[in-house]
Asker: 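Structure incoming, see below.
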Amino acid sequence: MFDSYSLLKLSTKVIKSNSMKIRSATPDDILLIFSFIQKKSEFDRNIGAYSGVLQVTEEKIGKTLFGTIPFSYVLFAETSECVVGFALYGFRYSSFVGQPSIWLDDLYVDEDMRSQGAGAALMSYLAQVAKDNDCTHLAWNADVRNSRGLSFYNRLGAKVTEQKGNRCFLTWIPQILTV
């Protein structure tokens, strides 16, 4: 069972993978979260997946991620020098299954740090969060024009369950959840 208290416990975990460290965001990271959301939107804009105007603000991030009821959570991948990637996720609940799952809203790694283990380390951490909270799977969507990302997700073992236009819907059941 998970509640805000057990999720809070997760935020104190730090996982190191090779030279990549994964940590949960704190309220001191609001500007950093905002900058990664901007980078992610620019990436999506460059591949033709996003043409809107960002409506997020630092104030909204503080209120919705660090308020009394956090609506989502953020992880950072960092080297000894700097933060190189982030994942923004939340929990969903299936009344029919009686278990939660994780919805991954954003996964972004700085371009010059891709293929260096940051994405894999973030996903590995999320797999552990899923296990710790008795989740059935992780799900997200990705644009079909993000071929490098889709290739990465395929290597993880994620499956495209549906495609609507340029939007691929993916589901991943990490091996750690089947043990």
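Below, all heavy atoms of this structure are taken into account, side chains as well, without hydrogens, waters or symmetry copies.
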Asker: Please give me the minimum heavy-atom distance between L107 and A87, naming the atom from each residue.
Answerer: CD1-CB, 4.0 Å
Asker: If you round to the nearest 0.5 Å, how far is OG of S72 from CD1 of I61?
Answerer: 11.0 Å
Asker: Less than 4.5 Å apart, any side-chain heavy atom of V160 and any of F169?
Answerer: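 Result no, sub-4.5 Å side-chain heavy-atom pair not found.
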Asker: Tell me, please, which residues at least two apart from D143 pass salt bridge (Lys or Arg N to Asp or Glu O under 4.0 Å).
Answerer: R145, R167
Asker: Indicate if W103 and Y73 have the same hydrophobic cluster label, given that clusters are the connected sets of ILVMFWY residues with side-chain heavy-atom separations under 4.5 angstrom.
Answerer: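 No.
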Asker: What's the spacing between Y125 OH and D132 CG if we round to 0.5 Å?
Answerer: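 Interatomic distance, Y125 OH to D132 CG, rounded to 0.5 Å: 8.5 Å.
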Asker: Taking the six-membered ring for Trp and the single ring otherwise, decide whether the centroids of W140 and Y153 are under 6.0 Å apart.
Answerer: yes
Asker: What closest approach, in Å, do S41 and L54 show between heavy atoms, and which atom pair accounts for it?
Answerer: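 Between these two residues, the closest heavy atoms are OG-CD1, 3.4 Å.
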Asker: Should we say atom CD of E59 is surrounded by more than 12 heavy atoms from elsewhere, each under 6.0 Å from it?
Answerer: no
Asker: Do F43 and V84 belong together in a cluster built from hydrophobic side chains that touch within less than 4.5 Å?
Answerer: no
Asker: Hey, what do you get for CD1 (I33) to CG (D28), rounding to the nearest 0.5 Å?
Answerer: 10.0 Å
Asker: According to ring pair (Phe, Tyr, Trp, His ring centres under 6.0 Å), who are the partners of F34, at least two apart in sequence or on a separate chain?
Answerer: none
Asker: Whether the side chain of T64 engages the backbone of K60 through a donor-acceptor N/O pair (distance < 3.5 Å, no angle test) should be reported.
Answerer: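 Checked: pair present.
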Asker: Quick one, R92 and I102 - any side-chain contact, counting heavy atoms below 4.5 Å?
Answerer: no
Asker: Hey, does F91 have a side-chain heavy atom less than 4.5 Å from the side chain of C135?
Answerer: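 Heavy-atom side-chain distance check passes, below 4.5 Å.
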Asker: Determine, using the 4.5 Å side-chain heavy-atom cutoff (strictly less than), whether V109 and Y50 are members of one ILVMFWY cluster.
Answerer: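 The answer is no; the residues belong to distinct hydrophobic clusters.
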Asker: Roughly how far apart are S19 OG and E78 CD, rounded to 0.5 Å?
Answerer: 11.5 Å
Asker: Return yes if some donor-acceptor pair links the side-chain N/O of Q128 with the main-chain N/O of A130 below 3.5 Å, else return no.
Answerer: no
Asker: Side chains of K40 and L88: closer than 4.5 Å at any heavy-atom pair?
Answerer: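 A side-chain contact under 4.5 Å is absent here.
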Asker: Grouping I, L, V, M, F, W and Y whenever their side-chain heavy atoms are under 4.5 Å apart, do L126 and L156 come out in a common cluster?
Answerer: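 As far as the 4.5 Å side-chain criterion goes, L156 and L126 are connected within one cluster.
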Asker: With sequence neighbours left out, write down each residue that passes salt bridge (Lys or Arg N to Asp or Glu O under 4.0 Å) with E42, or none if nothing qualifies.
Answerer: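 Residues passing salt bridge (Lys or Arg N to Asp or Glu O under 4.0 Å) with E42: R45.
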Asker: Would a 4.5 Å heavy-atom cut-off, applied to side chains only, mark I30 and F66 as touching?
Answerer: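 A side-chain contact under 4.5 Å exists here.
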Asker: Check whether NZ of the Lys or CZ of the Arg K39 lies under 6.0 Å from the centre of the six-membered ring of F36 and within 45 degrees of that ring's axis.
Answerer: yes
Asker: Can you tell me how far the CG atom of N154 sits from the NZ atom of K159, to the nearest 0.5 Å?
Answerer: 6.5 Å
Asker: Taking only residues two or more places apart in sequence, or in another chain, which ones meet T57 in a side chain to side chain donor-acceptor pair (under 3.5 Å)?
Answerer: none
Asker: Do any N or O atoms from the side chain of S151 and from the backbone of R148 form a donor-acceptor pair under 3.5 angstrom?
Answerer: no
Asker: Under a 4.0 Å N-O cut-off, is there an ion pair linking D29 with R23?
Answerer: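 Yes, D29 and R23 are salt-bridged.
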Asker: State which residues pass ring pair (Phe, Tyr, Trp, His ring centres under 6.0 Å) with Y108; sequence neighbours excluded, sorted by chain then number.
Answerer: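 Expected list: none.
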Asker: Quick one: are T136 and Q99 in side-chain contact, heavy atoms under 4.5 Å?
Answerer: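 Yes. Closest side-chain heavy atoms under 4.5 Å.
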Asker: Examine distances only and state if a side-chain atom of N133 and a backbone atom of V129 form a donor-acceptor pair shorter than 3.5 Å.
Answerer: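 Yes; judged by distance alone, with no hydrogens or angles, the pair exists.
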Asker: If every non-hydrogen atom of L75 is compared with every non-hydrogen atom of S24, which pair is closest and at what distance?
Answerer: CD2-OG, 3.6 Å
Asker: List the residues meeting ring pair (Phe, Tyr, Trp, His ring centres under 6.0 Å) with W172, not counting sequence neighbours, and say none if there are none.
Answerer: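 Once residues adjacent in sequence are excluded, W172 has no partner under the ring pair (Phe, Tyr, Trp, His ring centres under 6.0 Å) criterion.
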Asker: What pair of heavy atoms forms the shortest contact from F76 to A25, and how long is it?
Answerer: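 Scanning both residues completely, I find the closest heavy atoms to be CE1-CB, 3.5 Å.
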Asker: With a sphere of 6.0 Å drawn around CG of L150, does it hold more than 12 non-hydrogen atoms of other residues, nucleotides or ligands?
Answerer: yes
Asker: Yes or no on side-chain contact (heavy atoms from CB on, under 4.5 Å) for I22 and L122, after CA distance, side-chain angles and deciding distance?
Answerer: CA-CA 7 Å; I22 304 300; L122 285 162; 3.8 Å; yes
Asker: Is the shortest side-chain heavy-atom distance between L138 and Y89 below 4.5 Å?
Answerer: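 In short, these two side chains do not touch, never coming nearer than 4.5 Å.
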Asker: Do V74 and L65 have side chains that approach each other closer than 4.5 Å (heavy atoms only, starting at C-beta)?
Answerer: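 They are in contact (side-chain heavy atoms under 4.5 Å apart), so the answer is yes.
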Asker: Hey, could you give me the CG/OG distance between D134 and S101, rounded to the nearest 0.5 Å?
Answerer: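 Going from the CG atom of D134 to the OG atom of S101 covers 11.5 Å.
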Asker: Check M113 against Q116 and note the closest heavy-atom contact, atom names and distance.
Answerer: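 For M113 versus Q116, the nearest heavy atoms are O-CG, 3.0 Å.
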Asker: With a 4.0 Å cut-off on N to O distance, would you call D110 and R114 a salt bridge?
Answerer: no
